[in-house]
Amino acid sequence: MSCLQKYVSMAIILAWVALLSFCKADDSASNSEVEALIKWKDSLPNQSLFDSWVFPTHTNSSSSTPPSPCKWYGITCNQARSVTQIDLSGRGINGTLQNFDFSSFPNLLRFDLHSNNFEGTIPHNIGMVSKLQLLDLSTNSLNGTLPLSLANLTQVSELDLSRNDITGILDGRLFPSESSTEPKTGLLSLRYLLFQDTLLGGKIPKEIGNLKFLVSLVLDRSHFNGPIPPSLGNLSHLQALRLSENQLSGKVPETLVNLRNLTDLRLFTNKLSGVVPKELGNFSSFTVLHLGENNFTGHLPPQVCRGGKLINFTAYSNNFIGPIPISLRNCSTLYRVRLEYNKITGYIDQDFGVYPNLTYIDLSFNRLRGELSPNWGECRNLTLLNIASNMMSGNVPNEIARLNQLVKLDLSSNQLSGEIPADIRNLSKLSVLNLKDNQLSGRVPAGIGTLSNLESLDLSMNKLSGPIPSQTGDCSKLRSLSLSKNRLSGRIPYQIGNLAGSLHDLLDLSYNRLSGEIPAQLGKLRSLERLNFSHNNLTGSIPDSFKHMVSLTEINLSYNFLEGPIPDIRISESFPPESFSNNKDLCGKIKGLRPCNVTEQKGGNKKKRKILIVVISSLAGLVLVSFTFIRILVFICKKKLSTNLVPNESIPKTSENPFSLWYFNGKILYEDILKATKNFDDAYCIGVGGFAKVYRVDIPGYDVLAVKKLIFEARDESEMKNIRHFGNEVSTLTEIKHRNIVKLFGFCCRGIHAFLVYEFMERGSLADMLKSEEGAKELDWGKRIGVVKGVAHALCYMHHDIVPPMIHRDISSKNVLLDHQLEAHVSDFGTARFLNPDSSNWTGVAGTYGYLAPELAYTMVVTEKCDVYSFGVFALEVLMGKHPGELISKMQAYAVESIQHTDILDHRLAPPKTKNVANKLGLVMNLAISCLSANPHARPTMRSVSKVLEFQAFDD
């Protein structure tokens with residue numbers, strides 16, 4: 001054998017020996033990995049996720065193959081069957097990491113447990129997985145401080161511990177040292193360092209500037225303070241630097257202008273000051289630049305869009321002066337801009353161009369001049385345009401009416417003139433229109449009445465003339481209407497009374513030239529809080545219907561020509577005297593007015609004529625009432641004599657709603673309902689409850705109805721009396737009008753049938769929507785927030801805005817129905833309290849198990865705070881997509897602070913994409929928790945809940 005052959009043979013033998021040794025070592029590693037995984041699994045609560053993690057009870061003695069975890073859920077191995085990846089992300093796992101033996105995984109490259117419910121601290125032996133490249137423990141409930149052993153993970157390129165309760169400081173020893181003589185340790189290879197939404201504080205260590213490969217540094221929404229380290233300017237690969245919502249102070253380091261790869265810089269909501277380096281943006285291509293909510297001074301950097309890629313730019317709430325950055329004019333990529341609350345100067349028609357992607361721009365409270373360019377009409381995706389409180393002049397261009405996605409338009413407090421464009425009626429999505437405090441003239445466009453989504457209209461402090469359009473009463477969602485301080489004339493349109501279901505906040509028509517009497521129909525505005533008709537030429541008396549306006553907290557009818565008594569409004573005596581001063585001859589219990597029982601002796605003939613009119617009117621009314629009473633007696637007598645149903649001709653001919661109580665005791669509609677349901681055939685049944693079946697009823701010529709047929713057995717006269725009493729009580733419920741309460745048309749009890757008739761809700765119950773996978777996804781976060789708000793408004797109305805107040809007693813997802821726009825409507829309002837408590841079918845404590853307030857276990861006293869508790873359960877259910885039974889138990893056992901958003905939000909939906917939505921969801925969660933207090937007196941009122949939800953910012 002030649003020497004060459006000997007060497008080759010020897011090499012082969014050595015290779016086999018090495019391979020056998022390697023396999024033996026890997027077999028040993030595999031065994032230790034299996035044992036470590038089983039040990040950790042056994043320390044966790046029992047969860048089906050780990051069903052595949054089974055340690056074999058015996059092995060084939062003839063087989064040398066050791067047990068392997070490679071086919072277990074979440075485990076990935078290399079060819080030698082050693083664990084290289086553990087990925088258990090997003091599975092809602094409960095437990096801790098205390099029994100996880102990191103030393104047993106020598107080949108582990110990726111360890112991903114994000115979006116679970118892990119608690120406790122991060123183990124100190126985590127630094128023993130020396131080959132680790134990715135460590136993601138984000139979105140859990142981990143606490144304690146960062147173990148220094150993390151510095152041993154020299155190969156980790158991505159470290160994400162965001163959205164945990166980690167405390168302490170970010171120790172500089174975790175990162176490489178500046179010294180060239182010391183051995184290179186620390187997180188040398190980091191590319192992504194993410195610690196946002198933690199409790200970490202202290203200063204940002206300058207050693208981060210030694211992470212020469214770092215691409216993304218994300219520390220927002222934590223507690224860091226002190227200056228931004230200038231060493232960050234050394235991070236030549238850095239693309240994203242996010243330090244927002246901390247307590248950082250001092251100046252922006254000049255060194256940041258050297259970061260040529262920086263595209264995302266977020267510094268908003270800190271305590272930073274001084275001048276922002278003017279070179280910022282000169283060498284980089286920003287897509288996101290956030291400077292808002294600091295104490296910056298000087299000019300904005302002129303080249304923020306030099307790279308032509310800027311999407312999101314905010315610098316609001318600072319002290320910036322000088323012009324708009326010149327590079328913004330041709331920055332066609334802009335999507336969102338917020339520069340409000342500064343002292344920026346320039347010309348609105350020269351410094352801005354056309355932005356086809358722009359959805360939101362707020363330039364309010366600056367010092368901008370010039371005219372509003374027609375080019376704004378080309379920004380077709382705009383949802384918000386706010387240029388309030390500047391010095392703009394000229395007309396409102398007709399092209400504004402082309403912005404058919406616009407939700408908020410605020411041009412108030414400028415020097416605009418001319419007429420309001422008639423085509424403003426095309427802005428079908430408009431919710432807020434504010435043009436107050438300008439020099440606008442002409443008439444209020446009648447087309448405003450077509451804006452079905454309008455909630456706030458403010459045209460005050462202009463020079464508008466002519467009458468108030470009656471079409472204003474068609475804005476069915478209008479909550480606030482102010483036309484004060486104009487030159488409007490004519491009468492107040494009675495159609496404004498049609499806004500009873502929406503007009504809650506303000507009705508201000510003061511300082512105009514309005515004349516005539518106040519329409520009695522305005523008394524239907526029972527939810528209105530503030531009313532001002534002062535400084536007009538109104539005559540006649542204050543309508544007696546005003547006594548129904550029980551929500552008024554402010555009223556001003558001064559400086560008119562009103563006379564007669566002030567209606568007995570619930571809190572009228574608390575109104576200041578100036579609310580009714582300087583009128584012709586008002587009387588009442590208000591200080592400064594004469595009592596109404598003191599009459600003057602002059603004008604005798606005129607007084608006699610008035611008395612004669614009153615006597616004649618009273619006699620006519622008495623005759624009418626007597627006639628009606630006799631007809632009712634005749635009807636009852638006929639029924640007692642077991643005659644046939646009322647014939648068609650005996651039903652009064654009227655133009656009022658045919659679904660009134662009177663019609664339900666007639667023959668036509670009763671028989672129509674029986675015919676449409678084929679005598680309540682189950683084929684038309686769409687739902688079954690504890691005391692009723694619900695049927696869909698289609699009667700030609702009318703909207704679809706929902707008929708709720710009560711399930712009962714009238715075994716004696718006393719039970720029939722209860723049924724009739726229920727019908728009498730229902731008559732009060734038919735007067736309730738609120739956009740978030742299902743309209744009850746009436747009640748019928750005849751023969752074997754007793755049923756309630758409601759408006760039909762196309763999308764059915766919220767409970768059914770949440771059970772459906774498709775329905776749950778259709779109910780995105782925005783719609784769910786709207787559902788919670790709608791139910792809160794309904795409860796507020798019933799608890800606080802009607803007399804006497806009414807308690808629902810059974811708030812649950814089954815009793816919240818959705819219309820075709822997925823807006824919430826509470827059903828069965830008030831019916832629970834009318835049911836017979838002694839009947840076998842109807843219980844004294846109405847309600848659904850799982851929603852009942854805890855105090856009902858030891859008392860039968862039902863208060864409005866029982867509804868508040870049920871609302872809390874309901875709100876959590878909307879967020880979670882299921883009943884929050886276990887979560888409520890957790891809140892009772894642990895501190896509320898331990899509950900994370902990840903415990904709440906429905907995993908069938910993607911997490912909220914914006915901070916604005918996330919903040920609103922957090923607000924709903926906190927309100928829901930406050931409603932679930934075991935002490936009823938500690939729960940908020942529904943009025944306070946409703947107001948908190950209503951006064952959220954339009955957008956952030």
Side-chain angles (χ1 to χ4, degrees), residues 204 219-221 224-228 230 232 241-257 259 262 264-282 284 286-306 310-329 331 334-348 351-352 358 360-369 384-392 410 413-414 914-916 919 953-956:
I204 299 174
L219 304 178
D220 22 12
R221 294 186 296 279
F224 293 104
N225 55 46
I228 299 173
L232 297 186
L241 176 58
R242 295 170 49 178
L243 307 177
S244 58
E245 298 182 83
N246 280 284
Q247 300 171 30
L248 300 173
S249 58
K251 296 183 177 182
V252 176
E254 294 279 349
T255 56
L256 295 189
V257 303
L259 302 177
L262 193 62
D264 185 344
L265 176 60
R266 308 187 189 195
L267 304 176
F268 67 91
T269 315
N270 277 289
K271 300 177 181 178
L272 298 168
S273 58
V275 176
V276 177
K278 64 180 180 180
E279 297 84 6
L280 201 65
N282 282 11
S284 56
F286 283 120
T287 58
V288 176
L289 177 59
H290 286 316
L291 305 173
E293 286 192 86
N294 281 287
N295 299 309
F296 291 129
T297 56
H299 291 197
L300 288 164
Q303 298 300 332
V304 291
C305 191
R306 187 170 185 263
L310 189 62
I311 295 173
N312 201 329
F313 176 43
T314 69
Y316 59 93
S317 299
N318 279 286
N319 295 299
F320 286 114
I321 60 173
I324 298 288
I326 189 172
S327 59
L328 287 189
R329 178 169 179 80
C331 192
L334 282 175
Y335 179 83
R336 185 178 176 89
V337 177
R338 291 187 61 183
L339 303 179
E340 71 269 22
Y341 289 100
N342 282 287
K343 301 172 184 177
I344 299 171
T345 56
Y347 287 84
I348 195 80
D351 295 335
F352 291 91
L358 191 65
Y360 187 111
I361 185 166
D362 193 338
L363 306 173
S364 60
F365 293 91
N366 279 290
R367 299 175 180 178
L368 299 171
R369 298 176 181 272
L384 181 143
L385 175 60
N386 189 349
I387 318 180
S389 297
N390 279 280
M391 294 182 280
M392 290 191 304
D410 191 344
S413 299
N414 281 284
T914 66
K915 180 190 171 187
N916 180 40
N919 286 345
F954 175 81
D955 206 343
D956 292 328

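Worth knowing before you read on, the calculation uses all heavy atoms, side chains too, and leaves out hydrogens, waters and symmetry mates.
- Shown here are the salt bridge (charged side-chain N to carboxylate O under 4.0 Å, His left out) partners of D410, two or more places apart in sequence or in another chain: there are none.
- Within 6.0 Å of atom CZ in R367, 12 or fewer heavy atoms from other residues, nucleotides or ligands are found, so the atom counts as exposed in its surroundings.
- At distances below 3.5 Å, not a single donor-acceptor pair connects side-chain atoms of S244 with backbone N or O atoms of R266.
- By the side-chain hydrogen bond (donor to acceptor under 3.5 Å, both in side chains) test, D351 is found to be paired with no residue, residues two or more places apart in sequence or in another chain being considered.
- Between the N318 side chain and the N295 main chain, a donor and an acceptor come within less than 3.5 Å of each other.
- Looking at every heavy atom in both residues, Q303 comes nearest to I326 through NE2-CG2, 4.0 Å.
- Interatomic distance, CG of N390 versus OG1 of T345, reported as 10.5 Å (0.5 Å rounding).
- Here the closest non-hydrogen pair linking P325 and P301 is CB-O, 3.5 Å.
- Note that CG of L289 is 12.5 Å distant from CD1 of I311, once rounded to the nearest 0.5 Å.
- Contact record, N246 with F224: OD1-N, 3.0 Å, taken as the closest heavy-atom pair.
- Side-chain contact between M392 and I387 is present, with at least one heavy-atom pair separated by less than 4.5 Å.
- Smallest separation of non-hydrogen atoms from K343 and N366: N-OD1, 3.4 Å.
- In this structure the side chain of T297 reaches within 4.5 angstrom of the side chain of V275, judged on heavy atoms.
- Here L256 contributes atom CG and L267 contributes atom CG; the two are 7.5 Å apart, rounded to the nearest 0.5 Å.
- From E254, atom CD reaches atom CD of E279 across 6.0 Å, with rounding to the nearest 0.5 Å.
- A side-chain donor-acceptor contact under 3.5 Å links T269 and E293.
- For CZ of R306, the number of neighbouring non-hydrogen atoms (other residues, nucleotides, ligands) closer than 6.0 Å is 12 at most.
- Screening E340, H290, R338 for a side chain to side chain donor-acceptor pair (under 3.5 Å) involving T314 leaves a single residue, H290.
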Exercise for review: Apply side-chain contact (heavy atoms from CB on, under 4.5 Å) to F320 and L339, showing your working.
Suggested key: CA-CA 9 Å; F320 286 114; L339 303 179; over 6 Å; no

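- Distance check: N312 CG to Y335 OH gives 9.0 Å after rounding to the nearest 0.5 Å.
- T914 and N916 share no donor-acceptor pair across their side chains, judged by distance under 3.5 Å alone.
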Exercise for review: Start with the C-alpha gap between N282 and V257, add the side-chain angles, then the distance that decides, and say whether side-chain contact (heavy atoms from CB on, under 4.5 Å) holds.
Suggested key: CA-CA 7 Å; N282 282 11; V257 303; over 6 Å; no

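- R329 places none of its side-chain heavy atoms less than 4.5 Å from the side chain of F352.
- Counting heavy atoms from C-beta on, the side chains of I324 and I344 come closer than 4.5 Å.
- Residues I361 and L385 are in side-chain contact: their nearest non-hydrogen atoms beyond the backbone lie under 4.5 Å apart.
- Distance CZ/F313 to OG/S327: 8.0 Å, rounded to 0.5 Å.
- Of all non-hydrogen atoms in L328 and C305, the two that sit nearest each other are CD2-CB, 4.5 Å.
- For the pair V252/F296, a side-chain contact is recorded, criterion being any heavy-atom separation below 4.5 Å from C-beta on.
- The shortest distance between side-chain heavy atoms of N342 and L300 does not fall below 4.5 Å.
- Annotation: side chain of I228 is not in contact with side chain of N270 (no heavy-atom distance under 4.5 Å).
- When ring centroids are compared, Y316 and Y341 stay outside the 6.0 Å threshold.
- For the side chain to side chain contact (heavy atoms under 4.5 Å, CB included) test with L243, the passing option among D220, L272, L265, L219 is L219; the others fail.
- Annotation for R221: atom CZ counts as buried by contact number, over 12 foreign heavy atoms lying within 6.0 Å.
- Here the closest heavy-atom approach between residue P277 and residue P253 is recorded as CG-O, 4.1 Å.
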